[in-house]
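Order of appearance sets the numbers: ligands from 1, and atoms from 1 within every ligand.
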Amino acid sequence: MPKVLVSDPIDQAGIDILSQVAQVDVNTGLSAEELVRIIPDYDALMIRSGTQVTKEIIEAGNSLKIIGRAGVGVDNVDVPAATRKGIVVVNSPEGNTIAAAEHALAMMLSMSRHIPEANASVKGGKWERNRFLGVEVYKKTLGIVGLGKIGSHLAAAAKAMGMKLLAYDPFISTERADQLGCRLVELKLLMRESDYITLHIPKTPETLHLINAEVLSKMKPTARIINCARGGIIDEAALAEAIKEGQIAGAALDVYEHEPLQADSPLRTVGQNIVLTPHLGASTAEAQVNVAIDVAEQIRDVLLGLPARSAVNIPGIFPDSIEKLKPYLQLAETLGNLVSQLAGGRVDYLNVQLQGELASNQSQPVVVAALKGLLSQALRERVNYVNASIEAKERGIRVVETRDASIRDYTGSLHLSAKGTLGEHTVTGAVLGDSEIRITSVDDFPVNVSPTHHMLFTLHRDMPGIIGKIGSQLGSFNVNIASMQVGRKIVRGDAVMVLSLDDPLPEGILAEILKVPGIRDAYTVNL
Ligand SMILES: NC(=O)c1ccc[n+]([C@@H]2O[C@H](COP(=O)([O-])OP(=O)(O)OC[C@H]3O[C@@H](n4cnc5c(N)ncnc54)[C@H](O)[C@@H]3O)[C@@H](O)[C@H]2O)c1
Ligand SMILES: O=C(O)[C@H](O)COP(=O)(O)O
């Protein structure tokens, strides 16, 4: 049974799903050294933001297949190191969207009405009605930095409260911003005109200290800033200074450059114009169930050999299309494996053509699956959806993707052509019904066979007696034929024969088959 390590607190709903397929060890609060020591025992690691998954941990994880982040941000995972090692990194892109947006809203309102200090004051035995004069958000301008999932949800809520909306997000269209009732502007203008600024962007090298002393100096003295995205996007020392100096009215932060927030952080001494929460954006009962289920299901699927729906390091896989694509990924992998064996291993060129309805789909995951199949003879289980493209690039395999929607022999089909040491070969396949995979042509000869573990392919002259001779050759080596099919373009021209076998072909049989008059080529294939 595979083993999963859960190193941050995760809702029981996730543990229950994992327990169906794996031994689950919940072990939170581990140091980096302890993790490096125990990680070799595990096939999967499930985390939240508390565990820093460093290169050292990844390199020690020799059995690790997947790292599941029960939340959005994967900045605590060394994703390039995981990719290099072929480890899938998945997250839950939407499970805590509402929770984070509502937390930003709560921060804005509690800052505006001094809720934290007023609460502390009453609990401290006082009744200071004059001390806590607040401000309204109605008709104020909210500047949203990052109009993605959380930013968009917040926009709708803020609009309903009568706020005017500005947004800065270089990666979204004006139409999308318009739909959300936001005026898309440059960061400088947003900083200058907003009464509230809320950050909903990822932490990247570009966004590190995006909000620095210079940017803060553009804000109105009455303006307030909220960060429920990631620590480090605001320069904390500059922010503390700006509030202390009265340059801006206040801030509300949920996330910090170093978590837990350091005891000597300048933010701790700002006083009443700052509201600080300990990274609680995703901490709602609902969000924790959502993210735990979302990520546990993906870990379960990967451990069962299936693709994950929200992998951050598998190119081009989007959750909404993965279900539809799943059988085609399996087809691409099978055809990739088959064509690599026909082409003779060291392949230096692969053409992947998406045909029929498949042509309108995203091609990247299908190409990755084909490469995984293509490289599986050489790399076995070391190649997977994560590192297949890198491995192919390193081997100098030229990959070309083409589409032809006009080919409609099947609803959707896939045509692979590869050039290797045995020359150029092509295979086509289709998915019948929901998931039945068929090989529908080999070197452009039409066939209709299900791929099986052991197969024999021949190219021969279409003439009487040849099938019988192959049958008796196999019989003399005690190989049982499960099914046999011949594909030809013209009568008595060239033809291919595809045999599914119950047993692997013994050494030496291929040489005997090649001696049969009329046989031009023969290939053993193991899928
Ligand atoms: N506090 C918490 O507990 C909590 C909870 C959930 C998410 N988060 C964090 O919130 C952030 C946003 O999450 P999301 O789900 O909305 O992500 P998202 O990917 O849906 O949206 C992010 C948006 O930021 C934009 N963006 C990227 N770089 C930018 C830049 N340099 N300038 C301006 N815009 C930029 C993108 O175009 C995108 O629209 C993430 O950092 C996530 O980790 C925090
Ligand atoms: O990126 C996220 O999903 C949030 O920061 C939540 O982090 P958490 O799972 O550690 O609460």
Side-chain angles (χ1 to χ4, degrees), residues 6-11 14 28 46-53 68-77 79 89-107 143-156 166-174 176-177 179-180 182 184-191 197-211 215 226-234 252-257 259-261 275-292 294-295 310 312 318-319:
V6 175
S7 64
D8 283 317
I10 302 288
D11 192 272
T28 59
M46 188 166 181
I47 55 161
R48 284 177 61 191
S49 61
T51 303
Q52 292 297 318
V53 188
R69 160 54 164 125
V72 182
V74 288
D75 43 302
N76 53 325
V77 179
V79 178
V89 180
V90 302
N91 70 350
S92 172
E94 291 176 12
N96 61 25
T97 300
I98 307 296
E102 289 185 0
H103 195 67
L105 203 59
M107 294 291 250
I144 304 175
V145 179
L147 205 49
K149 291 181 285 296
I150 297 169
S152 302
H153 187 75
L154 189 62
L166 298 179
Y168 167 66
D169 189 326
F171 306 106
I172 73 140
S173 65
T174 314
R176 170 75 183 144
Q179 273 171 9
L180 295 164
C182 297
L184 205 55
V185 295
E186 282 309 311
L187 182 63
K188 231 186 231 173
L189 191 144
L190 180 144
M191 298 303 291
I197 291 152
T198 184
L199 308 179
H200 300 290
I201 54 180
K203 182 178 174 185
T204 63
E206 292 74 42
T207 62
L208 183 71
H209 289 190
L210 178 74
I211 310 297
V215 176
I226 301 142
N227 186 9
C228 289
R230 271 296 173 273
I233 298 173
I234 304 184
L253 308 179
D254 183 46
V255 285
Y256 309 91
E257 196 153 355
E259 294 183 9
L261 182 64
V275 176
L276 305 176
T277 52
H279 202 146
L280 295 181
S283 294
T284 64
E286 296 85 347
Q288 284 313 305
V289 171
N290 291 343
V291 296
D294 193 357
V295 171
S310 305
V312 301
F318 299 111

* So which protein residues pack against ligand 2 under 4.0 Å, heavy atoms counted? -> R48, S49, R69, A70, G71, V72, G73, N96, R230, H279, A282
* **Heavy atom of the protein closest to atom 44 (C) of ligand 1 (residue, atom name, distance)** => C228 O, 3.2 Å
* Asked: When you measure from atom 33 (C) of ligand 1 to every protein heavy atom, which one gives the shortest distance, and what is it?
  -> P170 CD, 3.3 Å
* Asked: Which residue holds the protein heavy atom closest to atom 36 (C) of ligand 1, what is that atom called, and what is the gap in Å?
  -> D169 OD2, 3.5 Å
* **L210-ligand 1 polar pair, N/O distance under 3.5 Å** => no
* **Partner set under side-chain hydrogen bond (donor to acceptor under 3.5 Å, both in side chains) for Q179, not counting sequence neighbours** => R176
* Structure fact -> Closest heavy-atom approach to atom 11 (C) of ligand 1 among I98, L190, I201, I172 is made by I201
* Asked: Would you say ligand 1 has an N or O under 3.5 Å from any N or O of I150?
  -> yes
* Counting both backbone and side chain atoms, is some N or O of T97 under 3.5 Å from an N or O of ligand 1? -> no
* Contact partition for H279 relative to ligand 1, non-hydrogen atoms under 4.0 Å -> side chain
* **Heteroatom proximity flag, E206 to ligand 1, N/O under 3.5 Å** => no
* Specify side chain, backbone, both or neither for P202, according to which of its non-hydrogen atoms lie closer than 4.0 Å to ligand 1. => both
* Nitrogen or oxygen atoms of V145 and ligand 1 under 3.5 Å apart -> no
